Amino acid sequence: MSKTLITSALPYINGVPHLGHMVGCLLPSDVYARYMRMMGNDVLYIVGTDEHGTTSEVGALKAGMDIQSYCDMNHERHYNTYKDFGLSFDYFGRTSSEQNKEMTYHIFEQLDKNGYIEERTVKQIYSIDDQMFLADRYITGTCPHCGYEKARGDQCENCTQVLEPTDLINAKSTISGSSNLEVRETKHLFLNLPKIEPLLRQWLITKEPFWPEVAYSIAQKWLKEGLQARCITRDLKWGFPVNKPGFEDKVFYVWFDAPIGYIGITKQWADENPKNRNWKDWWYDATNVRHVEFMGKDNVPYHSITFPATLLGTGENWTQVDYLKGVSYLTFEGGKFSKSENRGIFAEDAIKEFPADYWRYWLMSNIPEASDTSFTFDLFASIINKDLNGVLGNFVSRVLKMTSSKIGNEVPSGGNLGALEEKLITTLQARVNDYFKYMNELEFRKAFAELRQIWVEGNNYISEAEPWVVIKEDVEKASQILRTCINLIRIFAILSAPVMPTTSEKMLQKLGLTLSDIPSIKDFNIAQEITAIKAGTPFEVGDMLFERIPEERIAELKEKYGASK
RNA sequence: CGCGAGGUAGAGCAGCCCGGUAGCUCGUCAGGCUCAUAACCUGAAGGUCGUUGGUUCAAAUCCUUCCCUCGCAACCA
């Protein structure tokens with residue numbers, strides 16, 4: 001059995017995940033993991049929170065908490081949100097874990113031993129009142145070029161000039177507001193990327209035919225512009241203390257230990273059941289592992305350049321990314337999501353408004369693959385009303401209600417498959433093959449457009465077969481048609497499970513089944529599946545699968561989530 | 001001249017790599033059906049494929065000019 005290692009970019013603990021984060025890495029990784037499991041693959045699906053860095057320190061300070069409790073609290077919050085969205089990760093870990101510390105130290109030692117680490121002294125702004133060095137973005141002041149008063153230390157948003165923090169007039173710390181700043185020298189460790197570059201190029205070239213264009217072109221861009229040594233340590237408190245003499249008062253930069261977190265979290269997972277789990281089977285001298293990573297496009301450089309270079313520099317045989325799914329941005333009603341401006345719908349709120357499957361289906365069938373995509377409530381409602389209610393929900397409803405009222409609450413017996421069913425089987429098999437093909441290629445938009453067409457085939461079939469007419473003349477034939485339709489419900493439930501697990505369960509429940517009854521979908525054969533449910537099996541009509549979203553509700557939502565701003 | 005991605009019917013997208021009657025979904029209009037969630041099925045209207053020039057028998061597709069949108073620009077996760 002081939003092994004599939006699936007990782008989602010680790011959400012930063014201090015952030016509040018919005019729909020863009022969900023669709024960028026968390027949801028697609030889950031959908032893919034569920035699909036690969038159903039295909040019979042041995043899947044390990046790893047997610048967790050990325051916890052180190054200034055942002056956490058500042059967040060804790062503002063919340064009046066110590067950093068550890070602050071992170072504990074937020075970790076819990078992330079976990080609950082993702083569970084609510086139905087994410088099926090095998091482990092939800094943390095980059096601040098002991099296991100990750102161990103991994104980070106080991107990888108750093110190897111890099112150092114191989115001569116890829118160098119010391120440099122840099123000048124940095126120190127805030128005397130905050131008692132810390134400030135990252136550029138934590139300094140604001142007046143732009144010397146255009147006079148804009150809220151220019152950041154790295155760049156002026158107004159005139160787009162790239163700045164040094166020392167250029168700013170009346171520079172202030174954004175943390176305390178203090179202007180009691182000075183430039184200090186500080187010694188840091190750098191990862192010598194130019195030295196690893198030849199290895200990296202050699203490795204990357206093998207990926208070109210497989211990666212999506214967005215991901216590969218971003219990686220190429222970085223190589224083209226030339227790699228520079230990258231600072232991997234910081235003057236902070238919250239992080240792993242550097243395990244090198246003379247640097248004990250520094251910590252590793254969050255971007256150094258965050259991707260290593262995939263490995264560290266795998267070890268967390270393994271440590272919970274050491275008899276049956278071994279992290280090395282997935283990461284170290286591992287054979288037959290295909291590693292698929294999911295991330296927003298802003299993360300691509302780190303996963304295609306920095307992290308692979310880090311692993312290559314160890315000289316050890318680490319599992320590298322085989323397929324990198326880079327996803328563009330989801331915008332909100334044409335603008336940016338912004339918590340501070342109360343603009344956009346965030347994951348915790350989204351789940352209170354509608355069931356997870358509504359979001360999962362919308363987001364996956366509109367995932368920003370080729371370019372940035374805008375979320376609008378109008379579009380959302382139209383998809384939910386048309387695809388989920390009109391096409392799928394209504395099909396289930398019309399079939400079960402008709403069978404129940406005309407014949408009874410058992411799958412009806414009698415009749416044989418005919419020419420119409422032959423045609424249905426052929427059409428459906430072709431569509432299912434395409435659906436699987438797109439899923440294998442991680443072409444989600446196309447995959448879910450195909451899934452929708454599969455549902456449509458159900459309505460097409462029942463329209464042509466007209467059981468409501470046939471039943472007046474030939475009850476046996478009508479029974480066969482309805483039995484076929486009930487089997488279609490089962491087939492639709494199975495095929496929809498990766499994207500709408502709860503709805504699938506609901507559909508199967510009506511037929512007295514659960515998802516765990518479903519065998520592998522590898523070699524899914526419609527001709528066989530179409531008769532899987534036998535005559536006499538009891539079923540219940542139950543509730544409707546989905547609810548329509550009326551016009552008034554859309555207007556309310558737009559108002560509530562700042563769609564007009 | 002910083003870099004990248006995108007600009008295709010009212011809306012959202014596919015097609016572009018490997019040139020050859022412009023396709024899908026929603027919306028609109030008309031018809032059908034009455035089992036079902038004002039649903040479902042069928043059909044029609046609607047596009048000089050951002051702009052300029054070029055290559056070619058032939059360009060949405062290849063090369064070129066300019067314009068617009070979004071993102072990135074390495075101490076922001």
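The structure presented is a predicted model; accordingly, all values stated were derived computationally and were not measured. Values below: all heavy atoms of this structure, side chains included; hydrogens, waters and symmetry mates excluded. Sequence lines set the chain letters: A, B, ... in the order given, protein chains first and strands last, and positions in each chain run from 1.
- Every pair passing salt bridge (Lys or Arg N to Asp or Glu O under 4.0 Å) that includes a residue from residues 475-487 of chain A is listed here, sequence neighbours excluded: A/Glu421-A/Lys477.
- Every side-chain contact (heavy atoms from CB on, under 4.5 Å) that A/Lys187 has, sequence neighbours left out, goes to A/Glu119, A/Thr121, A/Phe247.
- A cation-pi arrangement, defined by a distance under 6.0 Å to the six-membered ring centre and an angle within 45 degrees of its axis, is absent between A/Lys558 and A/Phe377.
- Spacing between atom CD of A/Glu369 and atom C1' of B/rC13 amounts to 11 Å, rounded to whole angstrom units.
- For the pair A/Arg452 and B/rC26, the criterion of a side-chain N or O lying under 4.0 Å from OP1 or OP2 is met.
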Would you be so kind as to tabulate the donor-acceptor pairs closer than 3.5 Å made by side chains of residues 446-457 of chain A, with sequence neighbours excluded?
| unit_1 | atom_1 | unit_2 | atom_2 | d |
| --- | --- | --- | --- | --- |
| A/Glu450 | OE2 | A/Arg431 | NH1 | 2.9 |
| A/Arg452 | NE | A/Asp387 | OD1 | 2.7 |
| A/Arg452 | NE | A/Asp387 | OD2 | 3.3 |
| A/Arg452 | NH2 | A/Asp387 | OD1 | 3.4 |
| A/Trp455 | NE1 | A/Ser496 | OG | 3.2 |
| A/Glu457 | OE2 | A/Arg431 | NE | 2.9 |

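- Checked against the 6.0 Å centroid threshold, A/Tyr82 and A/Phe89 do not count as a close aromatic pair.
- Side chain of A/Asn459 to main chain of A/Val391: a donor-acceptor pair is present (N/O by atom type, distance under 3.5 Å, no hydrogens or angles).
- Shown for residues 539-549 of chain A: residues whose heavy atoms fall under 4.0 angstrom of RNA chain B, namely A/Met544, A/Phe546, A/Arg548.
- Between A/Lys406 and A/Asn366, the one whose closest nucleotide on RNA chain B sits nearer the 5' end is A/Asn366.
- Among the protein residues, A/Phe395 comes within range of no part of the nucleic acid, since none of its heavy atoms lies under 4.0 Å from any strand.
- For A/Tyr126, the ring pair (Phe, Tyr, Trp, His ring centres under 6.0 Å) partners at least two apart in sequence or on another chain are A/Phe133.
- For the segment residues 464-481 of chain A, the set of residues with a heavy atom within less than 4.0 Å of an atom of RNA chain B comprises A/Trp468, in numerical order.
- Contact annotation for A/Ser382: backbone-only contact, meaning every heavy-atom pair under 4.0 Å involves sugar-phosphate atoms and none involves a base.
- At whole-Å resolution of the value, CG in A/Leu363 and P in B/rC13 are 14 Å apart.
- Checking B/rC35, B/rU37, B/rC13 against the side-chain heavy atoms of A/Thr373 singles out B/rC13 as nearest.
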For nucleotides 40-47 of chain B, list the nitrogen or oxygen atoms of the protein found under 3.5 Å from its nitrogen or oxygen atoms, one pair per line.
| unit_1 | atom_1 | unit_2 | atom_2 | d |
| --- | --- | --- | --- | --- |
| B/rC40 | OP2 | A/Lys386 | NZ | 3.2 |
| B/rC40 | O2' | A/Arg398 | NH1 | 2.9 |
| B/rC41 | O4' | A/Ser463 | OG | 3.2 |
| B/rC41 | O3' | A/Asn460 | OD1 | 3.1 |

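- Checked against side-chain contact (heavy atoms from CB on, under 4.5 Å), A/Lys406 has the following partners two or more places apart in sequence or in another chain: A/Met402, A/Ile471.
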Which pairs, protein N/O on one side and nucleotides 16-18 of chain B N/O on the other, fall under 3.5 Å?
none

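- When rounded to the nearest whole Å, the span between OH of A/Tyr302 and P of B/rA74 equals 9 Å.
- The list of salt bridge (Lys or Arg N to Asp or Glu O under 4.0 Å) pairs with a residue in residues 228-238 of chain A, not counting sequence neighbours, reads A/Asp235-A/Lys250.
- Residue A/His21 is classed as a base contact, given a heavy-atom separation below 4.0 Å to a base.
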Toss me the dot-bracket line for RNA chain B: Watson-Crick and G-U wobble, both under 3.5 Å, 5' to 3', using | for pairs to another strand and [ ] for crossers.
-> .(((((((.[[[[.)....(..]]]].(((((.......))))).....[..[[..)....]]..])))))).....
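- Atom OH in A/Tyr253 sits 12.5 Å away from atom CG in A/Leu191 (nearest 0.5 Å).
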Show each protein N/O and nucleotides 67-71 of chain B N/O combination with a separation under 3.5 Å, one pair to a line.
| unit_1 | atom_1 | unit_2 | atom_2 | d |
| --- | --- | --- | --- | --- |
| B/rC70 | O2' | A/Asp372 | OD2 | 2.3 |

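- Between A/Phe375 and A/Trp362, the ring planes lie perpendicular to each other; the angle is over 60°, past the 30° to 60° tilted range.
- Between A/His75 and A/His78, a ring centre-to-centre spacing not shorter than 6.0 Å is recorded.
- Using modelled atom types, one finds no donor on one side chain facing an acceptor on the other under 3.5 Å when comparing A/Thr310 with A/Tyr116.
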